[in-house]
Structures are given as C-alpha cells and as structure tokens.
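Here's the structure, in structure tokens; my notes come after.
All heavy atoms count here, side chains included; hydrogens, waters and symmetry mates do not.
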Amino acid sequence: MMYSVDGFRITIHGLGAHGAYPHNAVDPIHIGVHIYLALEALIARESDPSKACVLTIGNFSAGAAPNIIPDTAVLQGTLRTNDSGSREKLVRRLGEVVQKTAETFGGSAEIEN
C-alpha cells in the first residue's frame, strides 16, 4: 500500500513587541501552540481510525531574542495517509483550522504545500 506525503509550511503573522509589553503584541508563538494542538486533534477526532493517518510537526521556529515577542512563527510538517478520501478531508481541514485559529487570536497564517 502506498502512502501519500504532503509537506507543508505554516507561517503565522502576529505583531511583535518587547516582552515587558505583551499587551501590545499579537504573539505568533501563542497562536502556533494553539494551531499545533488543533492539528493533533484532527488526527485524534476527525480521521477514521481504520485508515492510517499521521500528522507530524517536525519544526517550530520563531524569534531570535528571549525577551522579544516576534512578528512571525513557522511550523513545518508532513501529513501521511493511505486513503485518498482521508487525505482530501485532512488537507482541507488543515487549512481551515490554521486560518481560523490564527484569526481567533488576532493574527493571520498562510500555508505553503
């Protein structure tokens, strides 16, 4: 059985600020954590357990200084399935979850496949 492999890169856009003024920021790391958790739930709650579906986030990067909230964060990963219907649904839902989660916390996000 052949598995599909869909690589993706999610870029989250927020608004950076000094760590002493988090109320002036839209923290892309905070948004990224929520996106990560929501994507894990896609596999746990929306994929058919009789089909093989694996979502991996292998890279999460943001910022360069410990006291600065950055403007952007990036998550990179893969989605693997052995069922075309599951793949279609999960690719669609991945996009929806990323966009809506970023919007919920005042940011935006884009996905490159």
Side-chain angles (χ1 to χ4, degrees):
M1 173 118 344
M2 297 297 291
Y3 284 75
S4 65
V5 179
D6 292 289
F8 58 87
R9 175 185 172 98
I10 301 166
T11 303
I12 303 160
H13 302 280
L15 177 63
H18 192 277
Y21 305 101
H23 59 287
N24 292 333
V26 175
D27 189 345
I29 297 172
H30 179 78
I31 295 169
V33 168
H34 283 275
I35 288 173
Y36 176 88
L37 293 171
L39 293 179
E40 291 290 311
L42 281 181
I43 301 302
R45 293 292 179 247
E46 293 192 30
S47 66
D48 183 341
S50 70
K51 311 289 184 204
C53 300
V54 179
L55 189 141
T56 302
I57 302 292
N59 180 277
F60 188 151
S61 58
N67 64 335
I68 302 295
I69 297 168
D71 288 318
T72 61
V74 175
L75 286 81
Q76 295 183 86
T78 58
L79 172 65
R80 298 173 185 267
T81 65
N82 68 349
D83 177 72
S84 62
S86 295
R87 179 179 177 258
E88 282 182 34
K89 177 183 178 182
L90 290 171
V91 167
R92 177 181 51 79
R93 289 291 293 139
L94 186 137
E96 292 170 357
V97 166
V98 166
Q99 295 298 326
K100 296 300 183 185
T101 302
E103 290 173 12
T104 297
F105 293 101
S108 63
E110 57 197 36
I111 303 173
E112 300 169 49
N113 295 334

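In the hydrophobic cluster analysis, where Ile, Leu, Val, Met, Phe, Trp and Tyr join through side-chain heavy atoms closer than 4.5 angstrom, Ile12 is grouped apart from Ile68. Ile69 and Phe60 fall into different hydrophobic clusters, defined by Ile, Leu, Val, Met, Phe, Trp and Tyr side-chain heavy atoms under 4.5 Å apart, directly or through other members. Ile111 and Val97 end up in the same hydrophobic cluster when Ile, Leu, Val, Met, Phe, Trp and Tyr side chains are linked at under 4.5 Å. Placement of Leu37 and Leu75 within a single hydrophobic cluster is found when ILVMFWY residues are connected by side-chain heavy-atom separations under 4.5 Å, directly or transitively.
In this structure, the side chain of Glu46 does not engage the main chain of Ala41 through any donor-acceptor pair within 3.5 Å. Using modelled atom types, no side-chain atom of Asn59 and backbone atom of Gln76 make a donor-acceptor pair closer than 3.5 Å. Judged by distance alone, with hydrogens and angles left aside, the side-chain atoms of Asn67 form no donor-acceptor pair with the main-chain N or O of Gly19 at under 3.5 Å.
Residue-environment remark: CZ (Arg93) exceeds the threshold of 12 foreign heavy atoms within 6.0 Å. Within 6.0 Å of atom CZ in Arg92, more than 12 heavy atoms from other residues, nucleotides or ligands are found, so the atom counts as buried in its surroundings.
Of the residues listed (Val98, Ile31, Val74), the one engaging Ile10 in a side chain to side chain contact (heavy atoms under 4.5 Å, CB included) is Val98, and it is the only one.
Between Asp6 and Asn113 the shortest side-chain heavy-atom distance does not fall below 4.5 Å. Looking at Leu94 and Leu55, their side chains come closer than 4.5 Å, going by heavy atoms from C-beta outward.
For the pair Pro28 and Gly14, the tightest heavy-atom approach, listed with the atom from each and the gap, is CB-N, 4.2 Å. Nearest heavy atoms, Thr81 versus Arg87: OG1-CB, 3.3 Å. Closest of all the heavy-atom pairs between Thr101 and Ala38 is OG1-CB, 4.3 Å. When every heavy atom of Cys53 is checked against every heavy atom of Ser86, the shortest pair comes out as SG-CB, 3.9 Å. Closest approach of Ile29 to Ala62, counting heavy atoms only: CG1-CB, 3.6 Å. Closest approach of Phe8 to Leu79, counting heavy atoms only: CE2-N, 4.0 Å.
Here the CG-CG distance, from Leu90 to Leu42, works out to 6.0 Å after rounding to the nearest 0.5 Å. Expressed to the nearest 0.5 Å, how far NE2 of His30 lies from CD1 of Ile35 amounts to 10.5 Å.
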